[in-house]
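Inspection log for the structure reproduced underneath, given as C-alpha cells.
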Amino acid sequence: MSRAALLVLADGRFPAGGHAHSGGAEPVVKAGRIRHAADLAEFCRGRLHTAGLTAAALAAAAAAGLDPLTLDEAADARTPSPALRATARKLGRQMMRAARATWPSAELDALAAARPRGVHQPLVLGLAARAAGLGPEDAAHCVAYEVVSGPATAAVRLLSLDPFDATAVLARLAPELDAVARRAAVAAAEAVVEGLDALPAASAPLLDIMAEAHAAWPVRLFAS
C-alpha cells in the first residue's frame, strides 16, 4: 500500500471535477442555514454521517472487489434525488478519466466500457484506490474527506468565509472522519459475506430536496 497514492487520490487538485460542485452547500447558504463557521461544521457533520457514510461504504465495497455494476444499482437505490444521481454519474465519468490516466486498470477499463454514461463516483473512486494498491478503508477515507472538504471550500467562495476558519472546521472533524471510514470499511467487509444489504443506506432528505431546487436555478455558482 502506498500512502503517497492515498494523498494523490484525496488531493483536491486531483482532476476529477469536484471543484465545480459545492456538496449541497450553495442552496443551503442561500436558504440562510450556513452563515458562519459553526453552521458549516454542523452541515458537514450531518452530511458526513448520512450521505457521506453511505458513499464511503460504497467506495470501500468497490475497493474490496464487489461487483461495481451491482454496486451501481445499490447506489441508485440509495440516492432518491434524480439531480444527485445525475451529479454522481457526471462526477463518476470525470473521475474515470482521471483514474484511468493515473492508474491504468483492466477493472476500470471494463467498467467504463460497461457504463459509458458513467457510474456513481464513489464506485469509480473505490476501483481507483484498488488500482493504486490501496485498501477499502483508504477509499472510505477519501470519500469521507471529500464529503466535507467540498462544502468547506464552497463556503469560502459563497460567504467569503475566512479560509483559516474553514480549514479549522475540517481539522476538528478529523476524529469523526476516521470513525466514518472505519464504519464504512466494516460494512464493506460484511457485504462481501452477507450481500449488499449490509451496506448502510443513511440519507439526508433536506439535502435531496435542496438539490432538486438547486438543479432548476437559472444562475448558480456551482454545478451542484
Side-chain angles (χ1 to χ4, degrees), residues 1-11 14-18 48-79 84-85 87-149 177-203:
M1 182 180 65
S2 170
R3 288 298 176 192
L6 177 60
L7 294 175
V8 171
L9 187 57
D11 192 336
F14 189 72
L48 173 65
H49 288 282
T50 53
L53 173 62
T54 299
L58 288 164
L66 273 72
D67 176 25
L69 297 179
T70 304
L71 286 170
D72 195 46
E73 295 174 358
D76 259 353
R78 289 163 169 77
T79 311
L84 290 180
R85 288 198 298 272
T87 295
R89 292 187 183 281
K90 180 178 181 180
L91 286 170
R93 290 194 301 271
Q94 294 170 310
M95 172 66 75
M96 181 69 78
R97 291 180 63 194
R100 291 173 75 190
T102 308
W103 297 288
S105 157
E107 288 182 317
L108 286 168
D109 291 344
L111 182 57
R115 290 283 193 274
R117 300 186 65 181
V119 298
H120 284 253
Q121 187 262 11
L123 310 181
V124 184
L125 190 151
L127 284 187
R130 184 175 169 89
L134 301 171
E137 190 167 338
D138 296 310
H141 262 112
C142 288
V143 171
Y145 178 70
E146 73 179 11
V147 159
V148 296
S149 62
L177 294 176
D178 290 341
V180 165
R182 284 193 297 270
R183 285 183 62 191
V186 168
E190 292 173 349
V192 171
V193 177
E194 302 172 11
L196 297 188
D197 285 347
L199 296 176
S203 64

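Note that the numbering runs from 1 along the sequence shown for the chain.
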For side chain to side chain contact (heavy atoms under 4.5 Å, CB included), just list the numbers for D138 and R3, CA-CA rounded to whole Å, side-chain angles, deciding distance to a tenth of an Å, and then say yes or no.
CA-CA 9 Å; D138 296 310; R3 288 298 176 192; 3.1 Å; yes
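- Looking at D11 and L7, their side chains never come closer than 4.5 Å, going by heavy atoms from C-beta outward.
- Annotation for L58 and P122: closest pair CB-CB, 4.5 Å, computed over non-hydrogen atoms.
- Nearest heavy-atom pair, M96 versus A112, reported as atom, atom and distance to 0.1 Å: CE-N, 3.8 Å.
- Nearest heavy-atom pair, A140 versus A181, reported as atom, atom and distance to 0.1 Å: CB-O, 3.7 Å.
- For the pair S203/T54, no side-chain contact is recorded, criterion being any heavy-atom separation below 4.5 Å from C-beta on.
- Judged purely by atom type and a 3.5 angstrom limit, R78 uses its side chain to pair as donor or acceptor with the backbone of L199.
- Shortest non-hydrogen contact noted between A74 and L196 is CB-CD1, 4.0 Å.
- At least one side-chain heavy atom of L66 sits under 4.5 Å from a side-chain heavy atom of V192.
- Ion pair D76/R89 flagged as a salt bridge, since at least one NZ, NE, NH1 or NH2 atom sits closer than 4.0 Å to an Asp/Glu carboxylate oxygen.
- A donor-acceptor distance shorter than 3.5 angstrom exists from the side chain of R85 to the backbone of T79, with no hydrogens or angles considered.
- Nearest heavy-atom pair across A139 and A59 is CB-O, 3.9 Å.
- Residues L53 and R183 are in side-chain contact: their nearest non-hydrogen atoms beyond the backbone lie under 4.5 Å apart.
- Note: K90 NZ to Q121 CD = 13.5 Å, rounded to the nearest 0.5 Å.
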Under 3.5 Å, which donor-acceptor pairs do the side chains of residues 103-110 form with other protein atoms, sequence neighbours left out?
unit_1 : atom_1 : unit_2 : atom_2 : d
S105   : OG     : E107   : N      : 3.1
S105   : OG     : L108   : N      : 3.2
E107   : OE1    : R130   : NE     : 2.9
E107   : OE2    : R130   : NE     : 3.3
D109   : OD1    : R100   : NE     : 2.8
D109   : OD1    : R100   : NH2    : 3.0

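- Checking each of D178, V180, L9 against H141 for a side chain to side chain contact (heavy atoms under 4.5 Å, CB included) leaves exactly one that passes, namely D178.
- Using a 4.5 Å heavy-atom cutoff, the side chains of E146 and L125 are in contact.
- A 4.5 Å side-chain heavy-atom check between L111 and L69 finds at least one atom pair inside the cut-off.
- When all heavy atoms of A198 and A187 are compared, the closest pair comes out as O-CB, 3.9 Å.
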